[in-house]
Visitor: 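This is the structure I want to talk about, given as structure tokens.
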Amino acid sequence: MTDLSAESELFVTTARAFLDKTAALSDYRKLHAQGDSYDATWWHQAADLGWAGLLVPEELGGGSVSGCGLRDLAAIATEIGRTVAPGPLYPVSTVLAGLVDADNRDAHAATIEALTAGETVATWAPDEPGRGFRPHQPGLTATSVPGGGYRLNGVKDRVEAGDRADLVLIGARTDEGAVRQFLVRTDAAGVRVTPQSGIDLVKQYARIEFSDTEVDASAVVGTAAQTGALIDRQTQVGIVLVCAETAGILDAVMAMTVAWARDRYSFGRPLASYQAIKHRLADMTMWLHACRAITAGAVDKVAARDLDAAMWAGAAKSYLGEHAGRLIQECVQLHGGIGVTWEHDLHLYLRRATLYRNLLGTPAEHHQAIYAAASSTEPAA
């Protein structure tokens, strides 16, 4: 990923100052104590800073500082990772990624405007119970009804902010056998939202059931021919945002651990002066730089819509999935007994990174996808 311009640097600096003031770790703990996930006023303020509209063209009310909205959005996600801030940045952004690319985006212009302004919250629901990440193969069904609408039946689960969202973007298989996407109100008749517990203290998820839920033709997002491409785009955007946030998490925990190793003394010497500790910190620093680099590469590929963007996104997701948790666990060990206490902040970062390891596909699932893609492009013997 190329260096940020002066304008983008100012944008990121402003975001960092906003997060330090309104989404510090103390605020994170306060939200957990209240049983809440994020403050709606806070998200509206973040939207006022332009966070929600970075993937939206100017003619639809959005725009980015650098001219590359995904790069700016990934920079914001990295800053969010440094304080494990709450908020629906990932779900809103993935929904907008689909809406702005859809051939019928003009029909959703009012929704795009409301999402960009932070007045409405939407989330993407690609997961279903008892199965891995397979957004192209939904079990939820959409049966045609007279008048051009559809009747939805099925279940989505592990839906981020599902209990707070006004709208949910879902994939369903029609009675013609095609996969289509629908933008459905969560308060519609036949929709039941049930909160689900999760490992993160403030990221909240939900199970959403659709029982003969009727929607009209205006709920459809994109054409049947482009649905697969929209799902691919949403997946890639979601993955690079998760990876960018995880990279920010790793930056924070490494800085915390290096400072601890320098300040903590054992037998009259700083921990960082011991050769064995230096070796461990060197390995961790190598993993950190590799995580940053592969995330930056994936962001650039997805932003440019390269043909191998999916492979890059999968490679970044699998690498961070394998190394982020391990790196944070090493930081916990280097902190000693204090590192495993509730009072210490390390577990807040570990929880978020552990959650993201399995979101949008596990490392194993991405390994298999990369192998299949590579095998299909090998020349015949």
Side-chain angles (χ1 to χ4, degrees), residues 11 15 18 23 37-65 68-77 80 85-126 135 156 159-171 181-188 191 193 203-206 208 215-216 218-222 226-227 230-231 233-238 240-242 244-245 302 360:
F11 180 65
F18 173 71
S37 55
Y38 67 91
D39 178 62
T41 301
W42 177 88
W43 174 243
H44 199 285
Q45 292 172 340
D48 285 343
L49 291 175
W51 294 9
L54 291 172
L55 299 181
V56 179
E58 291 185 5
E59 62 267 24
L60 291 177
S64 64
V65 176
C68 179
L70 186 61
R71 188 175 293 119
D72 291 339
L73 188 58
I76 296 298
I80 285 178
L89 181 73
Y90 151 68
V92 168
S93 297
T94 50
V95 171
L96 283 170
L99 291 181
V100 299
D101 275 9
D103 287 345
N104 65 339
R105 72 178 188 178
D106 290 343
H108 297 285
T111 298
I112 293 172
E113 181 180 357
L115 291 172
T116 301
E119 297 168 353
T120 299
V121 172
T123 185
W124 182 35
K156 300 290 184 178
V159 183
E160 182 177 345
D163 59 334
R164 298 283 300 271
D166 305 291
L167 299 162
V168 58
L169 179 62
I170 61 170
Q181 290 200 112
F182 302 87
L183 195 60
V184 185
R185 290 201 60 85
T186 54
D187 59 359
V191 178
V193 180
K203 285 278 187 179
Q204 295 181 0
Y205 290 78
I208 303 181
V215 296
D216 57 33
S218 65
V220 176
V221 176
Q226 72 167 162
T227 297
L230 293 179
I231 292 173
R233 179 65 176 174
Q234 292 158 203
T235 300
Q236 292 165 22
V237 168
V240 296
L241 292 183
V242 164
E245 185 175 336
V302 174
L360 298 171

Visitor: side-chain contact (heavy atoms from CB on, under 4.5 Å) between Leu70 and Val237: does it pass, once the steps are laid out?
Guide: CA-CA 8 Å; Leu70 186 61; Val237 168; 4.2 Å; yes

Visitor: Rounded to the nearest 0.5 Å, what separates atom CD1 in Ile76 from atom CZ in Arg71?
Guide: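 It is 14.0 Å, given to the nearest 0.5 Å.
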
Visitor: When you compare the side chain of Val240 with that of Gln236, does any pair of heavy atoms fall below 4.5 Å?
Guide: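 Side chain of Gln236 against side chain of Val240, heavy atoms only: no contact under 4.5 Å found.
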
Visitor: Would you sort out whether Val302 and Arg233 count as a side-chain contact (heavy atoms from CB on, under 4.5 Å), showing the intermediate values?
Guide: CA-CA 8 Å; Val302 174; Arg233 179 65 176 174; 3.5 Å; yes

Visitor: How about Leu73 and Leu241: do any of their side-chain heavy atoms sit closer than 4.5 Å?
Guide: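 Yes. Closest side-chain heavy atoms under 4.5 Å.
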
Visitor: Determine, step by step, whether Leu183 and Val95 satisfy the side-chain contact (heavy atoms from CB on, under 4.5 Å) criterion, reporting the C-alpha distance in whole Å, the side-chain angles of both residues, the deciding distance to 0.1 Å, and the verdict.
Guide: CA-CA 9 Å; Leu183 195 60; Val95 171; 4.3 Å; yes

Visitor: Kindly give the heavy-atom pair with the smallest separation between Val191 and Arg185, and that separation in Å.
Guide: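 Closest heavy-atom pair between Val191 and Arg185: CG2-O, 3.9 Å.
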
Visitor: Quick check: closest heavy atoms across Leu55 and Ala97, and the distance to 0.1 Å?
Guide: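 What the structure gives for the nearest pair is CD1-CB, 4.1 Å.
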
Visitor: Identify the heavy atoms of Cys68 and Ser64 that sit nearest to each other, and give their distance.
Guide: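 That closest heavy-atom pairing would be N-OG, 3.4 Å.
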
Visitor: Do any N or O atoms from the side chain of His108 and from the backbone of Val100 form a donor-acceptor pair under 3.5 angstrom?
Guide: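 Flag not set: sc His108 to bb Val100 has no pair under 3.5 Å.
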
Visitor: Ignoring hydrogens and angles, tell me if any N or O in the side chain of Asp39 forms a donor-acceptor pair with the backbone of Trp42 under 3.5 Å.
Guide: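 Yes, the answer is positive, given that a donor and an acceptor are paired below the 3.5 Å cut-off.
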
Visitor: Return the CG to CG distance between Leu99 and Leu60, rounded to the nearest 0.5 Å.
Guide: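 Spacing of CG (Leu99) from CG (Leu60) equals 10.0 Å.
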
Visitor: Could you tell me whether Glu113 atom CD has more than 12 heavy atoms of other residues or ligands within 6.0 Å of it?
Guide: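 Atom CD in Glu113 is not crowded, with 12 or fewer foreign heavy atoms closer than 6.0 Å.
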
Visitor: For atom CD of Glu58, decide whether the heavy atoms of other residues, nucleotides or ligands shown that lie under 6.0 angstrom number more than 12.
Guide: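 Atom CD in Glu58 is not packed in, count stays at 12 or less.
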
Visitor: Any chance you could measure Phe182, atom CZ, to Thr227, atom OG1, to the nearest 0.5 Å?
Guide: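 Reported to 0.5 Å precision, the distance equals 8.5 Å.
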
Visitor: Any side-chain to backbone donor/acceptor pair from Asp103 onto Gly222? Under 3.5 Å, distance only.
Guide: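 Side chain of Asp103 to backbone of Gly222, a donor-acceptor pair under 3.5 Å: no, none is there.
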
Visitor: Find the distance between CG (Asp106) and CD1 (Ile112) and round it off to the nearest 0.5 Å.
Guide: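 The distance works out to 8.0 Å.
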
Visitor: I'd like to know if the side chain of Asp163 and the backbone of Ala206 have a donor-acceptor N/O pair within less than 3.5 Å.
Guide: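 No, because the side chain of Asp163 does not come within donor-acceptor range (under 3.5 Å) of the backbone of Ala206.
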
Visitor: So which atom in Phe11 and which in Leu49 form the shortest heavy-atom distance, rounded to 0.1 Å?
Guide: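 In this case the closest contact between Phe11 and Leu49 is CE1-O, 3.3 Å.
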
Visitor: Determine the minimum heavy-atom distance between His44 and Gly118, stating which atoms define it.
Guide: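 It is CD2-O, 3.7 Å.
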
Visitor: Atom CG in Asp166, atom CD in Glu119: separation rounded to 0.5 Å?
Guide: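 Answer rounded to 0.5 Å: 10.5 Å.
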
Visitor: Do Trp51 and Asp72 have side-chain heavy atoms sitting under 4.5 Å apart?
Guide: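 Side chain of Trp51 against side chain of Asp72, heavy atoms only: no contact under 4.5 Å found.
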
Visitor: To the nearest 0.5 Å, how far apart are OH in Tyr90 and CD in Glu160?
Guide: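 So the OH of Tyr90 and the CD of Glu160 are separated by 6.5 Å.
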
Visitor: Main chain of Trp124, side chain of Lys156: is a donor-acceptor contact present, judged purely on distance under 3.5 Å?
Guide: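 No: the side chain of Lys156 does not pair with the backbone of Trp124.
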
Visitor: Counting distance only, does the side-chain N/O of Thr116 pair as donor-acceptor with the main-chain N or O of Gly62 below 3.5 Å?
Guide: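 Not a single qualifying donor-acceptor pair exists.
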
Visitor: Say whether, by atom type as modelled, one donor and one acceptor occur between the side chain of Thr123 and the main chain of Gly162 under 3.5 angstrom.
Guide: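 Here the side-chain-to-backbone pair does not exist.
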
Visitor: Show the numbers, then the answer: is there a side-chain contact (heavy atoms from CB on, under 4.5 Å) between Arg164 and Val121?
Guide: CA-CA 7 Å; Arg164 298 283 300 271; Val121 172; 5.5 Å; no

Visitor: Closest approach of Ala102 and Leu230, non-hydrogen atoms and distance?
Guide: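 Result for this residue pair: N-CD2, 4.0 Å.
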
